[in-house]
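Take a look at the structure below.
As the structure is a computational prediction, the values presented were derived from the model and not from experiment.
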Amino acid sequence: MMARGENSKKISFSVTGMTCATCAMIVERSLKKVDGVIFAGVNLATETAFVVLEKDVPMKELEEAVRKAGYDVSYEQPEDLDRRRYEEAKRNLVVSWGITAPLMVLMVFHMAGFHLPWFTFLEAVGGAIVLFGAGRASMKGAWIALSHFHANMDVLVSLGALAAWSTAILLLAGVKVASFGAIGAMIIALHVTGRFIESHLRDRASKEIKSLLAIQAREARILDESGREIAVPIEAVKEGFIIMVRPGERIPADGRIIDGVTSVDESMITGESIPVQKKLEEEVTGGSLNLTGSIKVQATKIGEDSFLAQMIALIQEAQGAKIPIQAFADRVTNYFVPAVTALAVVSGLFWFFGIHRFASFLDGASRYLPWVTSVRDPLSIAVFGFISTLVIACPCALGLATPMALITGTGAASRKGLVIRNAEAIQTAKEVGIVLMDKTGTITQGSPQVVETNLSDDDMERVAALERHSIHPLAKAISSVRDTELEPASMEEIAGEGVRGTVGEDSYFVGKPHDFSLYSKQLSMGRTVVEVRKNKKIAGFIAIEDPLRNDSIEAVERLKRLGIVPVMVTGDNERTAQSVGKRIGIEKIYAGIRPEEKLNILRDFQAHGQKVLMVGDGMNDAAALKGADIGVAIGTGTDLAIDSADIVVVRGGISSIADAIEISRQTFTVIRQNLFWAFAYNVIAIPLAMGALLHPAIAETAMAFSSISVILNSMRIRPT
């Protein structure tokens, strides 16, 4: 788990030029060497570096670290970068196949006995155009890697293509060797095709981030002191600026309406397409769409403090982080390319010195595998085995197995209103057996209302004056019953009990009853009873009801179907808690629990070997959220700054917990499938290639397909 500190700073930026997991690890290693960097994660799938700093580090130093590793930093907008890369990939695709396809046709004629005296020359020239034209990115990537003393996927592909193409040059120079020049062009053409498809699929898989980035406003119309509108870049907007927003425009920054009434499409926050009415003094969120009326908005949160920026940063952080299962794949990938290169050399030497002894093996195999080469001279068969072994190996599939699943998993979570702040939660959630949940604001809507009281008007006004200064969730409901200008002479909040203070000549206590049996009728209805004692004598009661969230009953059922035990842990009294628990189907209930006692209950479950998920409102549940294997905070609208939680529920209630667990299980299943097939592919394919039983063209096609299959498999992750 990455280190976090109160003063730590987080930065994300795009890294270009990476082609496989080894590249990402080299950049990571280089960034970690920068003084002040306490964590660095590089995501190959999104080509994004995520860095946590313990002190201010100039961006120039981070850029230099990336360039020392042989790669570059890009500040292009994602859509502009994607468009440029797409156009370049399409151009390379056309060039490579425009030359390779005719070469393949001629090669078939040549192999069928129609020997063309100028065919080798065409292989050499056409192959050079494909290798150093359409394939220049791979050649450059290989050179960068080798010149920085490491190896990546480009090294394998480039060495294989160059070895094949060089046979045409050697044959033209008079060396007796079979020409595989057209195969060299074919390797690059297939590699370019695989990269094109892979890039397209990766862009689709990360569409959630792209859609969030797309709704960020590029500029805003601010009003100066004379009321004149001035269009400025969004980066120039500061807190307190007045922004004019007309119908059909996106709201540039988080703020509050100071003039006008409108309806706003907040589907990017709530997931609901129904417009929300917004009037004077109400909050609006940057990125949401103003639909009906012109409004003036005073900016309250800008830049990285805005809701949209926080949401993007949190999703990118989760996608860029490493989870425990990835460690093994990373270790294997680190040694993969050098090991495969060594095996390719072993294969070449084996066939160079052993062809006469094992020629009968190839002759027998060719009866069942038509692509097995018919050449039998030592140098030609050695080159054939060397090339096949190089291009069949695929560290890309290993490198993409986990990050691609994380991208689609976190994307699926964001569509369900979940922001995963800690990627490890995805691996842990699948093992959860107990879900502890608070009642107020979690099972219920968190907007309690006074439904009955027997207090006199005078006492009610004084109680409202006291509760106005309390931070308890029920205090707002009580204080809203009466508007009063009274101020208490003294006031003290007692955690888990209530408040006491003096108003006028009298002392009051507002909180837990001494004897709950006095209020059995109210409690049996699931209401919370607040007792009021005036000068140490009972003056009356206030009955408060907090409606259930719409999804609470269904959510508890879903958790049970997933084999998870739902447990209510609440500070409310036993009768009320039991009534609410009965209505939604929770049998195990802890009532009258103080905030600090929730952690003890949680620890007890953990001591019995259970993985525990705690869900609360992120305020008085902070200790339990931190202590749980997974802490989930029910956010309120745009509230993402809940440091205690691993997952924040931006919209919805506890049904999102079932979504999170289902997504975790799906994601982890996909990760295991990806890793299994990536390993299995290499374990089966490499020995076949070393045995000269795979044609290089088939080997390169299979290599490209293995990466594509990992991406396609990852895209199956869909919440129910």
Side-chain angles (χ1 to χ4, degrees), residues 437-444 446-482 488 490-548 567-584 586-598 600-601 620-621:
M437 56 188 83
D438 188 26
K439 181 177 76 70
T440 304
T442 302
I443 294 171
T444 61
S447 54
Q449 298 173 344
V450 173
V451 290
E452 189 175 340
T453 182
N454 63 353
L455 290 174
S456 67
D457 287 345
D458 184 56
D459 284 336
M460 190 68 228
E461 184 180 6
R462 295 182 178 205
V463 167
L466 270 175
E467 291 287 10
R468 193 173 60 213
H469 298 280
S470 172
I471 60 171
H472 194 278
L474 301 181
K476 185 178 179 181
I478 297 172
S479 63
S480 64
V481 174
R482 288 282 188 280
S490 65
M491 184 267 191
E492 179 188 2
E493 187 134 15
I494 307 164
E497 293 292 331
V499 297
R500 65 184 172 200
T502 304
V503 184
E505 300 293 325
D506 301 305
S507 64
Y508 286 86
F509 172 83
V510 185
K512 279 188 177 179
H514 271 322
D515 184 359
F516 282 101
S517 64
L518 297 174
Y519 312 104
S520 55
K521 180 184 176 182
Q522 299 292 335
L523 297 174
S524 65
M525 297 167 68
R527 294 173 175 176
T528 298
V529 174
V530 175
E531 189 174 79
V532 177
R533 296 196 286 274
K534 179 180 179 181
N535 299 322
K536 299 185 179 180
K537 293 181 180 180
I538 296 175
F541 72 88
I542 301 169
I544 298 173
E545 194 168 63
D546 189 2
L548 293 177
V567 180
M568 186 195 299
V569 185
T570 177
D572 217 331
N573 66 82
E574 182 76 24
R575 293 283 296 276
T576 301
Q578 289 291 345
S579 175
V580 172
K582 186 176 180 181
R583 286 163 63 191
I584 66 171
I586 294 180
E587 296 163 10
K588 199 167 189 64
I589 296 168
Y590 293 84
I593 302 298
R594 292 172 178 270
E596 63 271 16
E597 292 174 330
K598 292 180 182 180
N600 296 332
I601 294 168
N620 59 355
D621 300 314

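- Judged by distance alone, with hydrogens and angles left aside, the side-chain atoms of Ser579 form no donor-acceptor pair with the main-chain N or O of Arg575 at under 3.5 Å.
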Item to complete: Run the numbers on Ile542 and Val529 for side chain to side chain contact (heavy atoms under 4.5 Å, CB included), then give the verdict.
Response: CA-CA 6 Å; Ile542 301 169; Val529 174; over 6 Å; no

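- Between Gly581 and Ile589 the shortest heavy-atom distance is CA-CD1, 3.8 Å.
- Closest of all the heavy-atom pairs between Lys521 and Ser524 is O-OG, 2.7 Å.
- Using a 4.5 Å heavy-atom threshold, the side chains of Ile494 and Val499 count as separate.
- Counting non-hydrogen atoms of other residues, nucleotides and ligands closer than 6.0 Å to CD of Glu492 gives a total above 12.
- The side-chain heavy atoms of Tyr508 and Arg500, taken from C-beta on, include no pair separated by under 4.5 Å.
- The two atoms that bring Ile593 and Val569 nearest to each other are CG2-CG1, 4.0 Å, heavy atoms only.
- Distance check, rounded to the nearest 0.5 Å: CD of Glu597 to CG of Asn600 gives 7.0 Å.
- Legend: residues meeting side chain to side chain contact (heavy atoms under 4.5 Å, CB included) with Ser456, ordered by chain and number and at least two apart, are Asp458, Asp459.
- In this structure Lys512 satisfies the side chain to side chain contact (heavy atoms under 4.5 Å, CB included) test together with Glu497, sequence neighbours excluded.
- In this structure, Phe516 has no ring pair (Phe, Tyr, Trp, His ring centres under 6.0 Å) partners at least two apart in sequence or on a different chain.
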Discussion item. I'd like to know whether Met568 forms a side chain to side chain contact (heavy atoms under 4.5 Å, CB included) with Asp438, so could you lay out the CA-CA distance, the side-chain angles of the two residues, the decisive distance to 0.1 Å, and finally the verdict.
Written reply: CA-CA 6 Å; Met568 186 195 299; Asp438 188 26; over 6 Å; no

Item to complete: List the steps, then state whether side chain to side chain contact (heavy atoms under 4.5 Å, CB included) holds for Thr528 with Asp546.
Response: CA-CA 8 Å; Thr528 298; Asp546 189 2; over 6 Å; no

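- In this structure, the separation between OG1 on Thr576 and CD on Glu574 is 9.5 Å, given to the nearest 0.5 Å.
- Rounding to the nearest 0.5 Å places CG of Leu455 at 9.5 Å from NZ of Lys534.
- No donor-acceptor pair closer than 3.5 Å links the side chain of Thr442 to the backbone N or O of Lys439.
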Fill in: Derivation of the side chain to side chain contact (heavy atoms under 4.5 Å, CB included) call for Ile538 and Val532
CA-CA 6 Å; Ile538 296 175; Val532 177; over 6 Å; no

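- Counting heavy atoms from C-beta outward, Leu474 and Glu467 have side chains that stay 4.5 Å or more apart.
- Evaluation of the side chain to side chain donor-acceptor pair (under 3.5 Å) rule for Glu531 yields Tyr519, Arg533 as partners, not counting sequence neighbours.
- Ala464 approaches Ile478 most closely through the heavy-atom pair CB-O, 4.1 Å.
- Minimum interatomic distance between Thr453 and Phe541 (heavy atoms only, all atoms of both residues): OG1-O, 2.8 Å.
- Minimum heavy-atom separation, Val450 to Ala477: CG2-O, 3.6 Å.
- Side-chain contact between Met437 and Ile586 is present, with at least one heavy-atom pair separated by less than 4.5 Å.
- Inter-residue side-chain proximity for Ile544 and Val451 is flagged as unmet; no heavy-atom pair is nearer than 4.5 Å.
- Note that CZ of Arg583 is 13.5 Å distant from CD of Gln578, once rounded to the nearest 0.5 Å.
- With a 4.5 Å cut-off on side-chain heavy atoms, Ser470 and Met491 count as touching.
- Shown here are the side chain to side chain contact (heavy atoms under 4.5 Å, CB included) partners of Ser507, two or more places apart in sequence or in another chain: Thr502, Asn535.
- Sorted by first and then second residue, the salt bridge (Lys or Arg N to Asp or Glu O under 4.0 Å) pairs involving residues 535-545 (not counting sequence neighbours) are Arg527-Glu545.
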